[in-house]
Amino acid sequence: MSEPARDLILRAVGLDRSFGGIHAIDDVTLEVPRGSLHAVIGPNGSGKTTLFNLITGHTRPHAGRVEFDGHDITGMSYSKVARRGLAKSYQITTVFPLLTVFENVRIAAQAAAHSYVFWRPADGIKAVVRHTEEVLERTGLADERHTIASNLSHGDQRRLDLAIALATSPRLLLLDEPTAGMSPADTAATIELVRELNRDLTVLMIEHKMDVILSIADTITVLHQGSTLFEGTPDEVKSHPEVQEVYLTGSL
Ligand SMILES: Nc1ncnc2c1ncn2[C@@H]1O[C@H](COP(=O)(O)OP(=O)(O)OP(=O)(O)O)[C@@H](O)[C@H]1O
Ligand SMILES: [Mg+2]
């Protein structure tokens, strides 16, 4: 009996991208089942961010194909991809620094709400404000709603990044090192939040902290020099000799 087809929200096949002489992504295939929490790990410069940029339309692949929810989105711009329900939180913070937390999230919610039709403009505004409030609650930023973004702690700025991505009501959320530079306490809180978000959306995340990834991911793809070195469950990754060599002994 053949296996039933997996319900994939994302399927990237044979992706390839060079920058000058650097082969940043070399024939990478990535399949992400709906509802899962999939992690991409790998040493510095192994191609993780480039892979994300190829998926989100920030960088064009030289070869390969990206399917989101069964549709070919290869080469589509990020704004088009985002409208289809794919959101990305950046490794580099992209908030408006002089606006409040509330305004930052509301602007993102408003941009995404263009696709809805309301009978009266006031209903549209109310819906956007309601959605903004929900996102602030969910991300633990409700108490900081009036704070100017640039005055937030580093941890809260990263949380705001996440809130901005969430405000677009995505079905797939891409996170590029959401705990980068965070204290252990903020890291733990962010991981709890990601776990919570994963209850109703699919998460694809890049993360450097091995302990974090091993504790939350369903599947881990290990990139090394632009190629997939290994893919498996946290237990499989932990016990894989080559991964251990790349990571645990730090020999590469
Ligand atoms: N726009 C670009 N122009 C030139 N080279 C690039 C560009 N983007 C990425 N690269 C190169 O491609 C390779 C992969 O980079 P990438 O940023 O994808 O790695 P990464 O795994 O995300 O690294 P890190 O862990 O440091 O974030 C690196 O050698 C990098 O210098
Ligand atoms: Mg990166």
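In each ligand, atom 1 is the first atom listed, and ligand 1 is the first ligand listed.
- Considering backbone and side-chain atoms alike, A24 places every N or O at 3.5 Å or more from each N or O of ligand 1.
- Salt bridge E133/R130: absent, no basic N to carboxylate O contact under 4.0 Å.
- At a 4.0 Å cut-off, not a single heavy atom of G42 sits close enough to ligand 1 to count as contact.
- The proximity of N44 to ligand 1, defined as any non-hydrogen pair under 4.0 Å, involves the side chain as well as the backbone.
- Among the backbone and side-chain atoms of T49, an N/O/S atom is found under 2.8 Å from the Mg ion (ligand 2).
- Between M205 and V194 there is a side-chain heavy-atom pair separated by less than 4.5 Å.
- The neighbour count for R195 CZ, taken as heavy atoms of other residues, nucleotides or ligands under 6.0 Å away, is above 12.
- With ligand atoms numbered from 1 in the order given, ligand 1 contributes 12 (O), 29 (O) to contacts under 4.0 Å with heavy atoms of I22.
- Of the residues D200, D69, D218, the one that meets the salt bridge (charged side-chain N to carboxylate O under 4.0 Å, His left out) test with R34 is D69.
- V105 is connected to V129 through a chain of hydrophobic side-chain contacts under 4.5 Å among Ile, Leu, Val, Met, Phe, Trp and Tyr, so both are in one cluster.
- Per-residue contacts place H208 under 4.0 angstrom from the following atoms of ligand 1 (heavy atoms of the residue considered): 25 (O).
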